[in-house]
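Read the structure below first, then the notes.
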Amino acid sequence: MLSALSRFKIQKILRHNRKFSVKCDEKPKVKYTDTINLPKTTFPPRLETKKRNFLESELSEKCFQPLYRWQNESLQTPAFVLHDGPPYANGELHMGHAINKILKDITTHHHVIRGRRVHYVPGWDCHGLPIELKALAEDSTSDPVKIRRKAREFALKTIQKQKSGFKSWGIIADWESEVAIYKTTSPEYISNQLRIFYELYSSGLIYRSLKPVYWSPSSRTALAEAELEYDSNFKSPSLYLRLHVQEQNLTDRKLWALIWTTTPWTLLSNQAVCFNQDLEYSIVSEQDSSDAYIAASDLLPEVRKLFSTPLEVINRIDIDQMTKLKYQHPINQSSFLPFLPANHVSASKGTGLVHTAPAHGFDDFLVGIQHKLPIECYVNEEGIYTDCSPEFLRSKNVLVEGSSLILDHLRERNLIINLGEIVHSYPIDWRTKKPIIIRASEQWFINTERIKEKAIEEVEKISIFPRISSLASKNLLISQLQKRPYWCISRQRAWGVPIPVFYGKSSKEIITSAAIIEKMCQETEKNGNIDFWWEKSIPELLPEGLQPSEELEKGLDILDIWFDSGISWANALQGEKVADLYLEGIDQFTGWFQSSLMTSVALRSKAPYKAIFVHGFVLDEKGEKMSKSLGNVVHPKDIVKKYGVDTMRWWIAAHGTQHTSILLGDSILKSSAENVQKIRGIMRYLLGVCGQMKNRDLPDDLTNFSHLDRFFLNRLTSFHTEIFTLYDSYEYNRITSTILNFLANEVSSIYLHLSKDSLYCGSDAEHSRIQQIMNACFLILAKVLWPILPFLVEECWSHCVDTNQHPFYRQNTGAPPASWATEEQQEVRKLIEKCLLVKEVINKQTTQINTWKLNAEIQCNPNDFLNFKKLEGDEANAFSSQLSEILQVSSVKLTQIDDNTDLRVLLDNSELPLCPRCRRFAVTSEGQLCRRCEWVLHQAKKEGRQ
């Protein structure tokens, strides 16, 4: 607050001040402790671990678990809808769970304390490979029904454990009602998913086709992009090979196309060589060589490094000539294949000519479709060359022996120009941590080309937080949509929702219908699960009256878990609802944010969310990823046990939103614990002053309040507004720092400090007046703290004698009255700020000195003189004035000087002793009480209080 005042002015004022010294106070001989109104409260200064754990458990059960139903029934405003992205039900709670759920809970707490109802339905993602692998770890069966039973049992047990943890953190939700949470395994969820699948299939948005997909040989299934991780130190061969160009009249030498690849194992599926129509191509040769090579002219400097002698350009090739060339297949010598134009070929690396295998590359596949090339895949789901491969490759693993066997074959045919090794980033399976391949297979897809334009239009409308990275985050989401021509939604596993189709055994025709879907939904709701798809025969699965024209096969693919969770809005939001907020980790830009968006746009032509809030991931204090091998993993339960839930919540609020890397370690947690303890200390002091009050209404009429009181109420108004503005923009880190600064400065250093004399030693009227101010401070602090530190606030509230009937969140504190922020109060605020500037000047010269033994003279211009006069008592220069109270000096004398002269503060040491009771007012003799203390004690005796 005072930082805005000119330091230059302070220095000028200091130069006018006198230097002096005073003696230290002598201790009073008579004690008046029993006559002082010291704060009293049953609220303990700190809690031992055992007591704290018991209290947190008690508050969780009695206070927070009924909260969701209460607010749902009691708060009638339009609900704030926060849609919960479902965590995997596959293990113990970790710090990622804590950050995500507590940030969501701070958000919902914020709206509840503001009086707004919230709609929050927590959920769990119960399907998918992570859970299936857990089931297989217990029983390596290949029976899909047994796998499903084990996986379901594991998921449901995990949900109960995680739910217990969430409840212990004070998370607002209706945890006890099965209809108030969602699970991707529930019959209702599965039935809804089956109907959505059929709706999209009927509209042509879902289709089956042979396409290249990310394929994990180690998991034997297709993977979504969000299920990939990247190994930045992966090693691949760097192969430059030559392909013989047939029947050309460009040179009298033997002509070769020069190709660069890092996946020699895919050469078996080669169907073309691609070039870029916008590049220039040259024919080059070594001197006196019978061989010549085609390469992009821009890349010749790099190409020359491959040869031992200099290369010379002997000819140029135009685009028409390139399209007429044919080359000999590197493996199948009887095949002669085309050169084709393609935009994905660049001059950034390689030779400008790209080996094209439509079965093993996304760009390659699009070229293949455009030019009607065969999609030949010789690799099975385990990453093994099939029996359709040449004999030397059959039954060989493409990632283990494939490349070396191909290289040996090329070497025998003298096709290798240069062979090296490249270290680069390569995709790996997020679960097995083993490399994946791109492989063409018959899969089910959503046609994202049809919906991406509308999806991008919807993304432009949404808000993304934190705002500092909003534009980059929005661009990331849009770029993911733009580069995705389709979304593979089928998986080849047992644990998931089956794709509800049959196939003609001979024709391979897809058989499904609304009747088939409804029969499956009825069976699912009847059985409580969809295991019957694997258990029952095809005639049992078909609805009555359906007579297939040929023998059928049951589809055994399951739906991608991103489709599973991507339609959660249709269950948790219901109807045409759109969530006000989705809040997840930054990785969900390629995952749940995108799958939710695409399914909602496909079905409703609108986004499922109005805003997205993203957070980062936890690293240790050194910035390293947490792992068991490094021994640096921190678990939420250990933090709670040592420091308590509120410390964990405070750390998450303070550190969880401003960076993609969230550092966590003991020193950081200790700092958070110390901050919570500081807040506890101030709340305890306020409770000691106002905890016994019966009337907790915020004062509206400020007529009888001092200028300092009114200044502080005005600051409380600004503080309240600032904090809830920050809550609205999810700037939780700034909230924690703003709260700490306000408590340290305006509350502790200013109001609590300057009002202590009147509070402790003043009259009943003074004590009552200050109580009202401190009660207002307590209520507003409790209100702004409750979303982050709900356990501390509710514990504080339980020590107020008149609050035993209900928890704090049911206290209708409301916003500060308008009278606290009128234009008149703004002027009061400016006046007190000017006084605090003067006090700062005094303090700079009086280190180690009791300022109550000083007399001050303020020499100021006419305007300041008139303003300071407002703070004097009834008599001029009165020692009991508000001005002397704020400056903490014995008396103040005001002197008017010229307009152009800077304000001066002159200080004189008073030789008079101080009152032994208040040690604030000067008296004429040692041990004598001041007039104020005499009157206060007289009144107390008169009323029988002494």
Checklist entry - Does F166 have K101 sitting over its ring (NZ/CZ under 6.0 Å from centre, angle to axis within 45°)? => result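 Geometry flag: set, cation within 6.0 Å and 45°.
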Checklist entry - Cation-pi between R152 and W495: NZ/CZ under 6.0 Å from ring centre and within 45° of the ring axis? => result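 That pair does not qualify as a cation-pi contact.
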Heavy-atom count around [X] [atom1] within 6.0 Å, excluding the residue itself: above 12?
X: Y230; atom1: OH; result: yes
X: E624; atom1: CD; result: yes
X: K50; atom1: NZ; result: no
X: K157; atom1: NZ; result: no
X: K146; atom1: NZ; result: no
X: K606; atom1: NZ; result: yes

For the atom pair [atom1] ([X]) and [atom2] ([Y]), what is the distance rounded to the nearest 0.5 Å?
X: L93; Y: Q162; atom1: CG; atom2: CD; result: 5.0 Å
X: K642; Y: R52; atom1: NZ; atom2: CZ; result: 11.0 Å
X: I530; Y: Q193; atom1: CD1; atom2: CD; result: 8.5 Å
X: N72; Y: I172; atom1: CG; atom2: CD1; result: 11.5 Å
X: H83; Y: N571; atom1: NE2; atom2: CG; result: 8.0 Å
X: D105; Y: I788; atom1: CG; atom2: CD1; result: 11.0 Å

Closest non-hydrogen atom pair between [X] and [Y], with its separation:
X: R220; Y: W215; answer: C-CZ2, 3.7 Å
X: Y207; Y: I446; answer: CE2-C, 4.2 Å
X: A494; Y: W534; answer: O-CZ2, 3.8 Å
X: S565; Y: Y189; answer: CA-OH, 3.9 Å

Checklist entry - Stepwise, does the side chain to side chain contact (heavy atoms under 4.5 Å, CB included) test hold for L669 with L664? => result CA-CA 7 Å; L669 288 170; L664 174 62; 3.6 Å; yes
Checklist entry - Are F502 and W533 near enough that their ring centres are under 6.0 Å apart? => result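 Yes - the distance between ring centres of F502 and W533 falls below the 6.0 Å cut-off.
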Inspect the contact between [Y] and [X] and indicate whether a charged nitrogen and a carboxylate oxygen are less than 4.0 angstrom apart.
X: R149; Y: E535; value: yes
X: K434; Y: D429; value: no
X: E132; Y: R431; value: no
X: E518; Y: R195; value: yes
X: R69; Y: E176; value: no

Do [X] and [Y] have a side chain donor and acceptor closer than 3.5 Å?
X: S219; Y: T221; value: no
X: Y643; Y: D666; value: yes
X: Q443; Y: R491; value: no
X: T185; Y: W124; value: no
X: E225; Y: T590; value: no

Checklist entry - Parallel, tilted or perpendicular: which describes the rings of W786 and Y809, with under 30° parallel and over 60° perpendicular? => result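 Tilted, since the angle between the ring planes falls between 30° and 60°.
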Checklist entry - Which class fits the ring pair Y582 and W592: parallel under 30°, tilted 30 to 60°, perpendicular over 60°? => result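 Judged by the thresholds at 30° and 60°, the geometry between Y582 and W592 is parallel.
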Next on the checklist: Apply salt bridge (Lys or Arg N to Asp or Glu O under 4.0 Å) to residues K519 and E540 and explain how you reach the verdict.
Outcome noted: CA-CA 10 Å; K519 172 75 180 292; E540 291 176 302; over 6 Å; no
Checklist entry - Of T657, I106, L103, T107, which is the lone residue that meets side chain to side chain contact (heavy atoms under 4.5 Å, CB included) with Y730? => result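 The single option meeting the side chain to side chain contact (heavy atoms under 4.5 Å, CB included) with Y730 is T107.
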Next on the checklist: Under the criterion ring-ring contact (aromatic ring centres under 6.0 Å, His included), I'd like the reasoning laid out for F197 against F563: C-alpha separation, chi angles, the key distance, then a yes or no.
Outcome noted: CA-CA 9 Å; F197 172 88; F563 187 84; 7.1 Å; no
Checklist entry - Among Y201, Y486, W487, which residue meets the ring pair (Phe, Tyr, Trp, His ring centres under 6.0 Å) test with F445? => result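 It is Y486; the other options fail the test.
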Checklist entry - Could you go step by step and tell me if E523 and K536 meet the salt bridge (Lys or Arg N to Asp or Glu O under 4.0 Å) rule? => result CA-CA 11 Å; E523 289 292 323; K536 292 189 174 184; 3.0 Å; yes
